[in-house]
Amino acid sequence: MATLLFYILAAIVLMAVLLCLTRNNPVHAVLYLVHALFGLALLYFLLGAPMLAAWQVILYAGAIMVLFLFVIMLIDPDLFEKKASRGRFRWLPVGFLSGALLACGGVLIMMDPLAAGGIVRYRLSPRAFGRALFDEYGLAVEILSLILLFAAVGAFHLGRRHKGKEDAS
Amino acid sequence: MIVPLGHVLLFAGLLFVAGLAAVLLRRNLIMILIGVEIMLNAVGLVLVGASAYWRHPSGQLFALLLMAVAAAEISIALALVVYLKRSRGTIDVNRFDGMKG
């Protein structure tokens, strides 16, 4: 059952990725990408990584995709009026993907593959995850925090309006 | 491990190739960044699959580090997109063919 669910989820994720990459409207592409990332989070859960699945939803499908949407709106505010898609069945692919993902999530909750004696034998609980992270890779966490700080400073510097350089093209 | 490691690797390879094709073929800078995101996620799936195969936590930890690096990368890249749109007025990569603005 869990094996079958893995292949179904893989097919859903692949479908969402292919739909995402062939869109002309970047907003649609980002919304399909959210589906693909959520499906990947369920796959992580099936592979015994519940903590990582939570981070995938919070960080990727939440924060980074919202960042994408912010930037798309910032650089092209009239995208919706310009490229609104027509057709009666335009909700069909996204509706199918959402429904299938929700159904898979429901089946996962019912099945509870991470329970003791469940089908997934190797699993890393959040406690074990934190211990392994801060015991073995404490230095990596520190370096990573510096990388994130540099990224924040760099993004702030790039986003600042330079006087007189506005229309240098 | 509920599926053979080879199937996980095959699926991740398909995702990676799809992302690579987007990076190489699309001209919209946003779509190129989405392709990069998909490639990074494929790598993360390989790490988690390897972690489940060898029953060792390192794969999952590196997947978390990968996520943080991807977040840093994408924030810089999107700031660059906004900067380019502001200074050049376009995000079509074919228009960026000069070394000096």
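Throughout, protein chains are lettered first and strands after them, A, B, ... in sequence-line order, and every chain is numbered starting at 1. What's counted below: heavy atoms across the whole structure, side chains too, no hydrogens, waters or symmetry copies.
- In this structure, Ala70(B) and Tyr60(A) approach most closely via the heavy-atom pair CB-OH, 3.1 Å.
- When each of Val81(B), Leu33(B), Ile74(B) is tested with Val71(A) by the rule side chain to side chain contact (heavy atoms under 4.5 Å, CB included), just one qualifies, namely Val81(B).
- Panel note: side chain Thr3(A), backbone Val3(B); no donor-acceptor pair is recorded below 3.5 Å.
- Top candidate by heavy-atom pairs under 4.5 Å with chain B, chosen from Leu67(A), Leu43(A), Val13(A), Leu148(A), is Leu67(A).
- Proximity to chain A is limited to the side chain of Phe62(B), based on heavy atoms less than 4.5 angstrom apart.
- Of the listed residues (Met67(B), Lys85(B), Met31(B)), the greatest number of heavy-atom pairs within a distance under 4.5 Å of chain A belongs to Met67(B).
- Counting heavy-atom pairs closer than 4.5 Å to chain B, the top-ranked of the candidates Thr22(A), Leu144(A), Val141(A) is Leu144(A).
- Among Gly35(B), Ala52(B), Ala21(B), Ala77(B), the residue with the largest count of heavy-atom pairs under 4.5 Å with chain A is Ala52(B).
- When heavy atoms are compared at a cutoff of 4.5 Å, Leu133(A) approaches chain B by way of both its backbone and its side chain.
- Comparing Leu149(A), Val17(A), Leu18(A) by heavy-atom pairs within less than 4.5 Å of chain B, the highest count is held by Val17(A).
- Chain A forms the most heavy-atom pairs under 4.5 Å with one residue out of Gly49(B), Gly19(B), Gly44(B), and that residue is Gly44(B).
- Interface summary for chain A: among Val69(B), Ile91(B), Leu25(B), Leu80(B), the most heavy-atom pairs under 4.5 angstrom belong to Leu80(B).
- Both the backbone and the side chain of Leu47(A) come within less than 4.5 Å of a heavy atom of chain B.
- Proximity to chain A involves both the backbone and the side chain of Leu45(B), based on heavy atoms less than 4.5 angstrom apart.
- With a 4.5 Å cut-off on non-hydrogen atoms, Leu52(A) touches chain B through its backbone and its side chain both.
- Ranked by heavy-atom pairs shorter than 4.5 Å toward chain A, the options His56(B), Glu37(B), Gln60(B) are led by Gln60(B).
- Of the N and O atoms on the side chains of Tyr137(A) and Ser58(B), at least one donor lies less than 3.5 Å from an acceptor on the other residue.
- In terms of heavy-atom pairs under 4.5 angstrom with chain B, the leader among Leu46(A), Ile143(A), Ile147(A) is Leu46(A).
- Remark: Phe38(A) CZ is loosely packed, at most 12 non-hydrogen atoms of other residues, nucleotides or ligands lying under 6.0 Å away.
- With a 4.5 angstrom heavy-atom cutoff, Arg26(B) touches chain A only via side-chain atoms.
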